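Working notes for the structure below.
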Amino acid sequence: MTDAPRARPSTQAAPPVRTEVRLAVERALAVAIAAGDLPSPDGATPTVEVERPANQEHGDIATNVAMKLARPLRRSPLEIAGAVAAALRGSADPLLASIDVAPPGFLNMRLADSVLERTIDAILADPAGWGRVRPVRARRVNVEFVSANPTGPLTIGNARGAFVGDLLCRVLEAGGQDVTREYYFNDSGAQIDKLGASVLALRRGEAVPDDGYHGDYVVTLAAELPDDVWMAASAAAAASAAAASASPEDGGPAIAGPAIAGPAIAGPAIAGHWAAGRVRAGIEASLARLGVRFDVWTTEASLHEHGWVQRAADKLRAAGHLYEHDGAMWFRSTTFGDDKDRVVIRANGAPTYFAADIGYVEEKLSRGFDHLIYIWGADHHGTVARVRNAATAMGYDADAVEMLLYSWVRFIRDGVEVGMSKRAGTFITLDELLAEVGVDAARWFFASRAPTSAIDFDIELAKRQSNDNPVYYVQYAHARIASILRKATTVGLEPAGTVRGALGGAPEAALARAVIRLPEVVEDAASAEETHGITAYATELATVFHAFYRDAKVVDPDAPDRSRARLALAEATRITLANALGLLGISAPDSM
RNA sequence: GCGCCCGUAGCUCAGUGGAUCAGAGCAUCUGACUUCGGAUCAGAGGGUCGGGGGUUCGAAUCCCUCCGGGCGCGCCA
């Protein structure tokens, strides 16, 4: 797999062409106002926004700033557009070849060939840096995703979270952000105990409890349970059984700065701890196979052990946001708009899952992140408000904590939804899905859809139509260019080092115009925190290249100079396709 | 019951802080140069943007309402 070039802050690419044009328009607007051609705006001047028109007749780049200024300047949009256009034409900037005013007040601009040429040349000079952009706002970002409990292998239910999170990280990195990828394991608590109890039951030759875990992997775990763990678990089970019958009182509610009770040490917990570790190793291996990398693995137990939960609770208490009620400790979430207050410490002294969430926020932010992103399934939307509220209550900026919710995927096979339950052991693992569909196709599938949209994933369809999948269309374009470049060398032709003066033809101009947009697409994707713009762009670029291929003979020994220039443009296109695919973690094959 | 999300072409999905978008891919149909990769290209048909109201010069986009689907409303995780 061709991986995306790693983030290298030292590579500071020139701003996207679109940005250059926007700045030129802003300068022209200022010039027109200074010259008295336009009045000075009373209130806030609207920011200039430029866009890529869908209709080619509207030029390469257009702006509606004249219409936005019509009200504050009390001039007609056409009059304003005319003044800005005149100022643009009057500037010595060779950026634009033409500037047209179109009703009701649009400014349509066409890029000069020289801009296309120097951009293409820059791609050839620095392929790895192409597509990386300067951040609008440099941040240290923590992205936490997957975070599936280590109670069983990753399933297709975890697929979207894994890919969405990974893709977001890649896009943010290309957008110039400093990204840390993090996985949170809930390695203690009732679910782990149930997993442990299930393993112990099988080891004893008994049936798995009804509320335990029933998958085949539990049988394997029971068989592999080391003797020392087995004996320790058995001894602890016996001891806690004796203790439970001897002392029913548990010391009353924990208030006024008590220590938060840690997880109970019992047989199932001991076995569960071991099993979770084993399962976790499998999860890490699966993620590696997906090309999903993590920088930091944090466990819930470590948050308790290192006092983060306690510190966060203390912080909330000191700020007056905790109170006791019915023997439990509550966070006054309603202060921040939640519909009810939330329990942090149960009446029995045990912290809730929410308590660990709060401790985790404190722990993450203590590491110096400016921004925390949680990739959560839509079923978690009920917990968004309370966690963000807790962050606010601890004194952090509300915007520092962001939850990105993705909708559930319905997996369908033969027209029937695939039902799943990790506990019942009826599920399709992520490994199985990828073995059937392929990583590239799966990545493309998730990358090309907005995370918030509910989608259907038809497994059979994904396999059967694999050759019609747009991902193969894009990869084919890349392989075709690689083939052309190979072909060229056999007749002694190499790409030229520059396309200067060689983009005059219609096929060349159209292709170059598509190629130079990559940084804009990356910029938009990073700021919107979405990836489907990149897949759409890659598809479009492939289409434009295929048209170029149809209209322009690239390898032609009878016209060596023209061939070398077209080879250079083809190479720039190949780099752009490879970088766009690499950004998505998808391979860019030289042949297929 | 309350809250959040969603409903766009036969299918899968973009577009949703108004004008310069009703779009892409697949599927269907019709065509393509003895030539660099036909996993390609050119073209066609196909949608009252779930229904209905409202605001506006203008609404897929904003507001209300209804219908239909998903999810959430624990001292679970």
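All values reported here derive from a predicted model rather than from experimental measurement. Chain letters run A, B, ... following the sequence lines, proteins first and then strands; every chain starts at 1.
Contacts of A:K553 with the nucleic acid, taken as non-hydrogen atoms under 4.0 Å apart, include base atoms. Looking at heavy-atom distances under 4.0 Å, A:H325 makes contact with a base. Here A:N108 lies in heavy-atom contact (under 4.0 Å) with a base. Across all strands, A:Q475 comes closer than 4.0 Å to no nucleic acid atom at all (heavy-atom distances). The residue A:A378 sits close only to the backbone: its heavy atoms come under 4.0 Å of sugar-phosphate atoms, none of a base. A:A488 comes within 4.0 angstrom of no nucleic acid atom, judged by non-hydrogen atoms across all strands. Contact annotation for A:D590: base contact, defined as any heavy-atom pair under 4.0 Å involving a base atom. Within 4.0 Å (heavy atoms only), A:A450 reaches sugar-phosphate atoms of the nucleic acid but no base atom. Within 4.0 Å (heavy atoms only), A:A552 reaches at least one base atom of the nucleic acid.
A:Y353 has no side-chain polar atom (N or O) that falls below the 4.0 Å cut-off from OP1 or OP2 of B:G74. Dashed line: the shortest gap from a side-chain N or O of A:R550 to OP1 or OP2 of B:A42 is under 4.0 Å.
Atom CZ of A:R562 and atom P of B:C36 are 16 Å apart (whole Å). Atom NE2 in A:H380 sits roughly 10 Å away from atom P in B:C73 (whole-Å rounding). Regarding A:L541, its CG atom lies at a distance of 16 Å from the P atom of B:U40, rounded to whole Å. A:N186 places its CG atom 7 Å from the C1' atom of B:A77, with the value rounded to the nearest Å. Distance A:F354 CZ to B:C75 P: 12 Å, rounded to the nearest Å. Counting to the nearest Å, the P atom of B:C75 and the CE atom of A:M329 are 15 Å from each other. Here B:G37 presents its P atom at 8 Å from OH of A:Y476, a figure rounded to the nearest Å. Residue A:Y473 contributes atom OH, which lies 13 Å from atom P of B:A27 at whole-angstrom precision.
Distance from the side chain of A:T383 is smallest for B:A77 among the nucleotides B:A77, B:A39, B:C75. When distances run from any side-chain atom of A:R480 to the nucleotides B:C36, B:C75, B:G38, the shortest one goes to B:G38. Relative to the side chain of A:Q191, the nucleotides B:C75, B:G37, B:A77 differ in distance, and B:A77 lies closest. Closest contact between the side chain of A:R346 and the listed nucleotides B:G37, B:G74, B:A77 involves B:A77. Of the candidates B:G15, B:U40, B:U20, the closest approach to any side-chain atom of A:H546 belongs to B:U40. Comparing B:G72, B:G25, B:C36 against the side chain of A:D379 picks out B:G72 as the nearest. The side chain of A:K340 lies closest to B:G74, out of B:C75, B:G74, B:A77.
For the pair A:I192 and A:P150, the minimum side-chain heavy-atom distance is below 4.5 Å. For the pair A:L404 and A:P451, the minimum side-chain heavy-atom distance is below 4.5 Å. Two residues are said to be in side-chain contact when any heavy atoms from C-beta on lie closer than 4.5 Å; A:L493 and A:D556 fail this criterion.
The same atom, C1', is picked in B:U56 and in B:G1; the two are 36 Å apart, to the nearest Å. Nucleotides B:U28 and B:C64 have their C1' atoms positioned 41 Å apart, rounded to a whole Å. Using P as the reference atom, B:U40 and B:C49 are 33 Å apart when rounded to the nearest Å. Comparing the same atom, P, in B:G43 and in B:G25 gives a spacing of 11 Å after rounding to whole Å. For B:G15 and B:G7, the C1' atoms lie 15 Å apart once the distance is rounded to whole Å. Distance check on atom P: B:G46 versus B:G23 gives 13 Å, rounded to whole Å. B:G38 and B:A32 have their C1' atoms separated by 10 Å, given to the nearest Å. Rounded to a whole angstrom, the distance from the P atom of B:G52 to that of B:U8 is 15 Å.
Look at A:E402 and A:R388 and you find no salt bridge, because none of the NZ, NE, NH1 or NH2 atoms lies under 4.0 Å from a carboxylate O. For A:R18 and A:D524, the salt-bridge test passes: some basic side-chain N is under 4.0 Å from an acidic carboxylate O. Residues A:R566 and A:E508 are paired through a salt bridge, judged by an N-O separation under 4.0 Å between the basic side chain and the carboxylate.
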Problem - Worked verdict on A:D440 versus A:Y472 for side-chain hydrogen bond (donor to acceptor under 3.5 Å, both in side chains) - result: CA-CA 9 Å; A:D440 285 348; A:Y472 297 107; over 6 Å; no

Exercise for the section: Begin from the C-alpha positions of A:Y360 and A:E182 and carry the test side-chain hydrogen bond (donor to acceptor under 3.5 Å, both in side chains) through to its verdict. Expected result: CA-CA 12 Å; A:Y360 198 14; A:E182 187 140 340; 2.6 Å; yes

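Annotation: of the two residues near RNA chain B, A:R386 and A:S483, the 5′-most nearest-nucleotide partner is A:S483. Place A:S448 and A:S591 on RNA chain B by their nearest nucleotides, and A:S448 ends up nearer the 5' end.
Residues A:V208 and A:H214 approach most closely at CG1-CE1, 3.6 Å, considering heavy atoms.
For A:N64 and B:U20, a side-chain-to-base donor-acceptor distance below 3.5 Å is absent, hydrogens and geometry of angles not being considered.
When the options A:V21, A:D60, A:D100 are evaluated for a side-chain contact (heavy atoms from CB on, under 4.5 Å) with A:M109, the one that passes is A:V21.
The aromatic rings of A:W330 and A:Y323 lie parallel to each other, their planes meeting at an angle below 30°, with 60° marking the opposite boundary. Taking the six-membered ring where tryptophan is involved, the planes of A:F457 and A:F446 are essentially parallel, since the angle between them stays under 30° and well short of 60°.
Taking the ring pair (Phe, Tyr, Trp, His ring centres under 6.0 Å) definition, one finds that A:H532 meets it with nothing, sequence neighbours left out.
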Which atom pairs link the protein and nucleotides 4-12 of chain B when you take only N or O atoms and keep those under 3.5 Å?
from  : atom 1 : to     : atom 2 : distance (Å)
B:U12 : O2'    : A:R449 : NH2    : 2.7

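RNA chain B contains the following stems of three or more consecutive Watson-Crick or G-U pairs, with both distances under 3.5 Å: B:1-5 with B:69-73, B:10-13 with B:23-26, B:28-32 with B:40-44, B:50-54 with B:62-66.
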